[in-house]
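The structure appears below as structure tokens.
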2 protein chains.
Amino acid sequence: MSAERQADNEGVERVTDDMSWAEVTPDAARRLLIAAVEAFAERGYHATTTRDIASRAGMSPAALYIHYRTKEDLLLRISRIGHEKALEILVEAAAREGTATERLADAVRSFVRWHASRHLTARVVQYELDSLGEEHRPEIIALRRRSDATVREMINDGVKAGEFDVPDVPGTALAVLSLCIDVARWFNTEGRRTPDEVGALYADLVLRMVGARVP
Amino acid sequence: MSAERQADNEGVERVTDDMSWAEVTPDAARRLLIAAVEAFAERGYHATTTRDIASRAGMSPAALYIHYRTKEDLLLRISRIGHEKALEILVEAAAREGTATERLADAVRSFVRWHASRHLTARVVQYELDSLGEEHRPEIIALRRRSDATVREMINDGVKAGEFDVPDVPGTALAVLSLCIDVARWFNTEGRRTPDEVGALYADLVLRMVGARVP
DNA sequence: CACGGAACTAAGCGCCCGCTCACCTCTAGG
DNA sequence: CCTAGAGGTGAGCGGGCGCTTAGTTCCGTG
């Protein structure tokens with residue numbers, strides 16, 4: 001399934017933390033999807049009308065159905081791409097070189113930075129999951145479990161290496177992920193803190209939670 | 001540590017933690033409100049119909065409008081009572097005797113226990129805020145700010161007393177509240193942990209976040 | 001027992017929703 | 001220059017929504 005990963009121009013890693021939705025084509029489909037992200041984030045999935053989405057994208061209500069089967073199909077695509085991106089951020093940080101402390105701090109910093117800077121997308125991805133129908137939700141939940149497992153393994157590594165002191169590893173992993181995800185709910189671009197600052201603060205807080213020795 | 005959790009045989013403490021909605025009268029109004037809490041928590045405010053609420057309460061759709069002006073009025077009352085209860089829990093813990101460490105741990109334990117055991121109510125209270133119209137939201141947001149201030153003050157007290165080591169007090173207070181609130185999103189009655197266990201785990205995690213010396 | 005008012009219901013109004021369909025408009029290839 | 005087909009539109013459908021209204025049931029009081 002990862003075979004048709006089109007290697008754009010250079011073989012170099014295209015990790016665009018920036019969620020440009022470049023993989024969504026054609027252009028009109030991408031504009032609709034971005035409009036949907038904004039609308040879902042502002043008003044919630046159920047309170048958003050297909051007319052609202054279409055008009056944000058500068059199109060007629062009917063145009064939506066040329067590119068997407070239903071309104072829920074739009075949410076599914078947003079949710080899938082977003083969860084894949086969030087998981088990728090965690091997995092990449094976990095796979096890097098360094099001590100468990102460095103890797104966990106790096107993962108939290110990147111993960112939080114994404115949830116802050118792309119907080120509209122993250123809000124839809126993390127909080128509109130229940131609006132997905134029964135047939136699509138399991139696929140997304142599977143991605144979430146992999147995120148959870150990635151964090152749990154990093155913490156376990158730190159415990160084994162003697163870097164962390166954690167009485168309840170699964171519970172702590174759950175709390176760490178929950179803490180990071182909730183950034184998408186309260187983060188405000190108009191607010192005082194930049195995504196970088198929140199990422200740094202949260203990395204420090206998480207290292208404290210796992211009992212890492214902070215310099 | 002602070003295992004001196006006094007039994008409440010003293011008639012003073014009437015905290016009820018149990019959200020029985022006893023203050024809502026008459027009986028039919030309370031049944032409707034409880035039905036609305038369940039429906040809003042399961043499906044979200046916008047996806048819930050007034051017919052659904054009424055039928056859960058065993059009444060006709062029109063009965064709702066005898067006790068509530070609109071569907072939004074229901075959400076407002078739930079939100080107001082819930083936020084007042086959450087704030088009360090924090091304020092009471094903050095006002096108790098003891099060191100800053102004990103008071104903060106106590107506050108987190110009670111607050112999290114409430115968000116877990118009453119997670120349906122808490123989910124509506126904490127996550128359906130945006131569904132409130134512009135004219136009612138400020139009232140609720142004011143309550144939230146008081147919760148935030150209460151936590152911030154407890155942390156400040158601990159820093160002044162030399163019990164805590166916190167570089168960024170407002171940021172840490174925000175993160176602590178965010179962490180606790182998010183319990184309402186993921187907590188599941190069918191899950192492995194009881195509200196008491198989650199409360200104890202989170203109290204420990206928060207003490208680590210503020211750099212309290214944990215025995 | 002008559003009766004006023006509170007609690008509740010059956011029926012349904014008007015609106016707007018997700019979605020469809022007949023039709024139009026570009027543009028690339030022969 | 002013609003045409004096929006993809007992309008787009010205006011109009012509107014069936015239906016379910018929040019909410020209303022006219023009328024019924026129930027009950028405490030004089």
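Values reported hereafter were calculated over all heavy atoms of this structure, with side chains retained and with hydrogens, waters and symmetry mates removed. Protein chains get the first letters and strands the later ones, always in sequence-line order, with residue 1 at the start of each.
dG18(D) atom C1' lies 13 Å from atom CG of L74(B), rounded to whole Å. One interatomic measurement links the two molecules: OH of Y68(B) to P of dG18(D), which rounds to 16 Å at whole-angstrom precision. Rounded to whole Å, the distance from CD1 on I66(B) to C1' on dC26(D) is 13 Å. Between the OH atom of Y65(A) and the C1' atom of dA6(D) there is a distance of 20 Å, rounded to whole Å.
Between D130(B) and R43(A) there is no salt bridge, since no side-chain nitrogen of the basic residue lies less than 4.0 Å from a carboxylate oxygen of the acidic one. Electrostatic pairing of D182(B) and R185(A) does not count as a salt bridge here, judged by no charged N lying under 4.0 Å from a carboxylate O. The existence of a salt bridge linking R30(B) and D27(B) is confirmed by a sub-4.0 Å separation between a basic side-chain nitrogen and an acidic carboxylate oxygen. Salt-bridge annotation for R144(B) and D148(B): absent, with no side-chain N of the basic residue lying under 4.0 Å from a carboxylate O of the acidic one.
Between the side chain of S178(B) and the main chain of L174(B), no donor-acceptor pair closer than 3.5 Å is present. Between the side chain of R31(B) and the backbone N or O of A57(B), at least one donor-acceptor pair lies under 3.5 Å.
One distance of note links CZ of R56(A) with CD1 of I34(A); it measures 12.5 Å at 0.5 Å rounding.
Shown are V183(A), T189(A), V124(A); of these, the side-chain contact (heavy atoms from CB on, under 4.5 Å) with H119(A) is made only by T189(A).
First and last contacts of DNA chain C with chain B, using any nucleotide atom under 4.0 Å from a protein heavy atom and ordered 5' to 3', fall at dC8(C) to dG12(C).
Taken residue by residue, residues 42-59 of chain B places heavy atoms nearer than 4.0 Å to DNA chain D at T48(B), T49(B), T50(B), R51(B).
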